[in-house]
Undergrad: 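One structure, as structure tokens, below. Some questions next.
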Protein chains: 2
Amino acid sequence: MRLLVVEDTAALAGQLRQGLSESGFAVDMALDGEEAQHLGDTEPYDAVVLDLGLPRVDGLTVLRRWRAAGRAMPVLILTARDSWTEKVEGLNAGADDYLAKPFAMAELVARLNALIRRANGVSKPELVFGEVRLDTATRSVSRAGAHVRLTALEYGLFAYLALHAGRPVSKTELTEHLYSQDFDRDSNTLEVIVARLRRKLGDGLIETVRGQGYRLQPASA
Amino acid sequence: MRLLVVEDTAALAGQLRQGLSESGFAVDMALDGEEAQHLGDTEPYDAVVLDLGLPRVDGLTVLRRWRAAGRAMPVLILTARDSWTEKVEGLNAGADDYLAKPFAMAELVARLNALIRRANGVSKPELVFGEVRLDTATRSVSRAGAHVRLTALEYGLFAYLALHAGRPVSKTELTEHLYSQDFDRDSNTLEVIVARLRRKLGDGLIETVRGQGYRLQPASA
DNA sequence: TGGCTTTCTGAACCCGTGCTGAGTGGGAGG
DNA sequence: CCTCCCACTCAGCACGGGTTCAGAAAGCCA
């Protein structure tokens, strides 16, 4: 899952980048509103973490413009400790959730995961595909009851497919959401990862649609 | 489904071609208004993606001329970020939908699919023919509840027949809409594909009208 | 009915895409 | 500094799918 983090104070920005990367997100940073605006318009993020009170263009303005232009990605705003108004204004401007500073990284991660899930029309944190079970809350995968160890990328790829089960997902789309910024085009890393996933989770789960990408059959309840 | 994409800036043109091809469209490109005009007048497109603000002949002019000449194919215009006027003028000139740049490829694909569907008088994204079910949103086909794997051409052919169910569709029409640019005329690929479709989806679904083409019985609710 | 055209379908071909095993490099942790 | 693990590259191979071809079947018309 790929995130845009908009935060101007260097210290917090660093913490966010590290913490979120460790939690398996691909993270792009924006230091001011202008940059944020641009990135949010051009790159396909799964969610945005937006600190209000930025230099140049205000965070709320950025958010309003996104929504006006029809960008629907979930946005979580970071508000000052007890600024009641900030929070209300933010939600009115189209934010999907908020978190008061200071906060625990674990909490942020949990909320982001929930946001991304809901944004893709999945209400429960657990998805089942045959004998394979994906728990987005704990980032764990099991097969026939037994826990399966997945690497960061393996999990990321599988989770993305799971959230978009039923439709074929192209490789370019996958790279866009698994990696931050650009990435070497002609490379077969994804195929390698898919191969490993198939070995770990069983053949027949991830279907390849030639020329179009990969597809997971929709969850069976 | 065959598209005409009119876009002058190389970068965006490349993205569009790739993204739309990946999504299963046959794509023709036009780099300026003149070329666009000509192609739109001579080739039978299922939809057009038109960037306003082209060199030579302006996009709006092209669109107006098409409409004046009675070309009815759906046209989606790409407008600059917040150019309110562009959008309004475009719609007045006969555009069917618009998208502000920059945009997400998924959104464009979704809108094009919807446009094409509606242009053919089909309102729902799902079509049912007996025990066969076609979901244009996920590009998936099922028979008696079970998912059926179709190749790109098989799906394209079936989807086109489905959108024009009830009337016989000639082979030349099919090739024109399945392939971009020219294609070797005397070849029986279509017949082969139809045969494969019949095996996968069951006989009696695709009816051949001798000398005229193929026909699908209209959807049964 | 006979001859002609159109369509069907199995088999074979060939190219491109995707798969996979082995090997390299680099970063994190001990 | 060493080790381990993960991401990545590469190259060879397998396979799928679009195409072609040929013979069989089905219509159509005289």
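Just so it is clear: chains get the letters A, B, ... in the order the sequence lines come, proteins before strands, and each one is counted from 1.
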Undergrad: Verify the contact: side-chain N or O of B/Thr208 to OP1 or OP2 of C/dT7, cut-off strictly under 4.0 Å; return yes or no.
TA: no

Undergrad: Whole angstrom is fine here: how far is it from CD in B/Gln212 over to C1' in C/dT5?
TA: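 To the nearest whole Å, that distance equals 16 Å.
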
Undergrad: Take the protein atom CZ of A/Arg149 and the nucleotide atom P of D/dC4, then report the distance between them rounded to whole Å.
TA: 15 Å

Undergrad: Has the side chain of A/Arg198 got a donor or acceptor that lies under 3.5 Å from a partner of the other kind on the base of C/dT20?
TA: no

Undergrad: Between C/dT7 and B/Lys171, is there an OP1 or OP2 to side-chain N/O distance shorter than 4.0 Å?
TA: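 Checking C/dT7 against B/Lys171, a side-chain N or O does come within under 4.0 Å of OP1 or OP2.
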
Undergrad: Would the number of heavy atoms belonging to other residues, nucleotides or ligands and lying under 6.0 Å from CZ of A/Arg133 be above 12?
TA: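 For A/Arg133, atom CZ is not crowded (no more than 12 foreign heavy atoms under 6.0 Å).
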
Undergrad: Side-chain N or O of A/Tyr155 less than 4.0 angstrom from OP1 or OP2 on D/dC6?
TA: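 No, A/Tyr155 has no side-chain N/O under 4.0 Å of OP1/OP2 on D/dC6.
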
Undergrad: Think A/Tyr214 has a side-chain N or O under 4.0 angstrom from the OP1 or OP2 of C/dT17?
TA: no

Undergrad: Send over the distance from A/Leu153 CG to D/dT9 P, rounded to a whole Å.
TA: 12 Å

Undergrad: Has the side chain of B/Thr9 got a donor or acceptor atom that lies under 3.5 Å from a matching backbone atom of B/Ala11?
TA: no

Undergrad: Relative to the 5' end of DNA chain C, which residue comes earlier, B/Gly211 or A/Arg199, by the nucleotide with the nearest heavy atom?
TA: B/Gly211

Undergrad: Classify the side chain of B/Arg196 versus the base of D/dT19 as yes if they form a donor-acceptor pair under 3.5 Å and no if they do not.
TA: yes

Undergrad: Rounded to whole Å, how long is the line connecting atom NZ of B/Lys200 with atom P of D/dG18?
TA: 9 Å

Undergrad: So, taking the atom named CZ in A/Arg167 and the one named OH in A/Tyr214, what distance separates them when rounded to the nearest 0.5 Å?
TA: 15.5 Å

Undergrad: Within this structure, what is the CG-to-C1' distance between B/Leu150 and D/dG16, rounded to whole angstrom?
TA: 14 Å

Undergrad: Could you state the atom-to-atom distance from CD of A/Glu191 to C1' of D/dG12 in whole Å?
TA: 14 Å

Undergrad: Mind calculating the distance between CD1 (A/Ile193) and P (D/dA7) to the nearest angstrom?
TA: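 Spelled out: CD1 on A/Ile193 to P on D/dA7 is 7 Å.
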
Undergrad: Measure distances between side-chain N and O atoms of B/Asn188 and base N and O atoms of C/dT9, and say whether any donor-acceptor pair falls under 3.5 Å.
TA: yes

Undergrad: Ring-plane angle category for A/His177 and A/His164, please: parallel below 30°, perpendicular beyond 60°, tilted otherwise.
TA: tilted

Undergrad: Without decimals, in angstroms, what is the distance between A/Leu178 CG and D/dA7 P?
TA: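 The answer, rounded to whole Å, is 11 Å.
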
Undergrad: Find the distance between CG (A/Asp32) and CG (A/Asp8) and round it off to the nearest 0.5 Å.
TA: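 Interatomic distance, A/Asp32 CG to A/Asp8 CG, rounded to 0.5 Å: 8.5 Å.
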
Undergrad: OP1 or OP2 of D/dC6 less than 4.0 angstrom from a side-chain nitrogen or oxygen of A/Thr151, does that happen here?
TA: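 For A/Thr151, the contact criterion (side-chain N or O under 4.0 Å from OP1 or OP2 of D/dC6) is not met.
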
Undergrad: What contact category does B/Val192 fall into here, base, sugar-phosphate, or nothing, at under 4.0 angstrom with non-hydrogen atoms?
TA: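 Contact class for B/Val192: base.
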
